[in-house]
Amino acid sequence: MLMRGIEYEGLRESINIEIAHHTELVDHLGEDTAEGRAHLEAITRLAGVRRLLAPNNAAAIEIAGLLLDNSRAERAGATAA
């Protein structure tokens, strides 16, 4: 259970960091651009995942990790373009 708690806290912090990255991009790109709106949508999805995350639910931790990986990949692709 301790390891799952550590995973949970680390994942929750990673989601917070990812939300901050998307927020910075929205600030840079503007909310009125297509790219900015895409980052706002990512923030909404990540915040939703963070709300559903629970330390005693291994499946939720696994799914949240996968969604976080996906968000990072999307952001990396968007900033590389």
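This one's a predicted model, so the numbers in the text were calculated from it and none came from an experiment. Basis for what follows: all heavy atoms, side chains included, without hydrogens, waters or symmetry-related copies.
Every residue two or more places apart in sequence or in another chain that forms a side-chain contact (heavy atoms from CB on, under 4.5 Å) with Glu62 is listed here: Leu66. Residues passing the side-chain hydrogen bond (donor to acceptor under 3.5 Å, both in side chains) test with Arg45 are Glu74, sequence neighbours excluded.
The heavy-atom pair separating Ala60 from Leu53 by the smallest distance is O-CD1, 3.7 Å. Val49 approaches Ala64 most closely through the heavy-atom pair CG1-CB, 3.6 Å.
Put simply, the side chain of Leu68 reaches to within 4.5 Å of the side chain of Leu11, judged on heavy atoms. Between Leu40 and Thr44, the closest side-chain pair of non-hydrogen atoms is not below 4.5 Å. Residues Arg72 and Ser14 have side chains in contact (heavy-atom distance under 4.5 Å, counting atoms from C-beta outward). Inter-residue side-chain proximity for Leu52 and Ile63 is flagged as unmet; no heavy-atom pair is nearer than 4.5 Å.
The side-chain hydrogen bond (donor to acceptor under 3.5 Å, both in side chains) contacts involving residues 19-29 comprise Glu18-His22, His22-His39, His22-Ser71, where partners must be two or more places apart or lie in separate chains.
Between atom CD of residue Glu41 and atom CD1 of residue Ile43 there is a gap of 10.5 Å, rounded to the nearest 0.5 Å. Taking OH of Tyr8 as the start and CG of Asn57 as the end, the distance is 11.0 Å to the nearest 0.5 Å.
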